[in-house]
Visitor: 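Handing you a structure now.
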Amino acid sequence: MTLREYHQKRNFKATPEPDGEEEVQLADEPMFVVQKHKASHLHYDFRLEVDGVLKSWAIPKGPTLDTNAKRLAVKVEDHPLSYGHFEGTIPEGNYGAGEVIVWDTGTYRSAEFEDDEFDAKENQKKIRAGLRSGQLKFTLNGKKLKGNFALVKLKNVETGKSWILIKEGDEYAQKMDISKDSTSAISDRVLEG
Ligand code: MN
């Protein structure tokens, strides 16, 4: 149901993107993925596994480890879990035409757990509640992105699709703009900005 918009926008005879039919093994901790996407405008697609799909936001400037930066994250349609491994070129004339790499990936969890009390079901509940309330605090365990982050929904924007991604202060925070890193986290692909 939630993938209807994803399917409506794409012709799977013409794009190499996954149709979402393939089974994906669920792990204890949900996955996150950031895809660098050189479409008509370069952007980064930030995706969090929630209830069997990838909740997705387009971040024009990309995620950051700088606690002083607030990055606009525009909510887009849910993607299938299998999209989390997709790299390749969406051909001209298709929705989102251009090159895609997996810029970072790993697992994430609600930031409301101490290390010794993690519970997979509780985690899903906290994540759902955070997304509903428009304030989700979570911890990323990726190759490039690590530590605590917050996604906060902007209440006074009419579309209801504007969120802000913020890096919270911790030992992984740094001033350097890591979105300049143009390498794939899962292959030897490179996608320059
Ligand atoms: Mn995109």
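Atoms within a ligand are numbered from 1 in the order they appear, just like the ligands themselves. For the numbers below, each heavy atom of this structure counts, side chains included, while hydrogens, waters and symmetry mates do not.
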Visitor: Which of the protein's N, O or S atoms come within less than 2.8 Å of the Mn ion (ligand 1), not counting waters?
Guide: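 Per the 2.8 Å query on the Mn ion (ligand 1), atoms found are His37 ND1, His43 NE2, Asp45 OD2.
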Visitor: On the ring face of Tyr44, is Lys36 found with NZ or CZ under 6.0 Å from the centre and within 45° of the axis?
Guide: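 The answer is no, since Lys36 fails at least one limit relative to Tyr44.
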Visitor: Does the cation-pi check pass for Lys126 over Phe113, that is, NZ or CZ under 6.0 Å from the six-membered ring centre and within 45° of its axis?
Guide: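 Lys126 over Phe113 ring: yes.
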Visitor: Do other residues, nucleotides or ligands put more than 12 heavy atoms under 6.0 Å from Lys9 NZ?
Guide: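 Counting other residues, nucleotides and ligands, NZ of Lys9 exceeds 12 neighbours.
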Visitor: Evaluate the ring planes of Phe86 and Tyr83, with Trp represented by its six-membered ring, and classify them as parallel (under 30°), tilted (30 to 60°) or perpendicular (over 60°).
Guide: tilted
Visitor: Only one of Trp163, Phe149, Phe32 clears ring-ring contact (aromatic ring centres under 6.0 Å, His included) with Trp57; which?
Guide: Trp163
Visitor: Distance under 6.0 Å and angle within 45° of the ring axis: does Arg109 meet both against Phe118?
Guide: yes
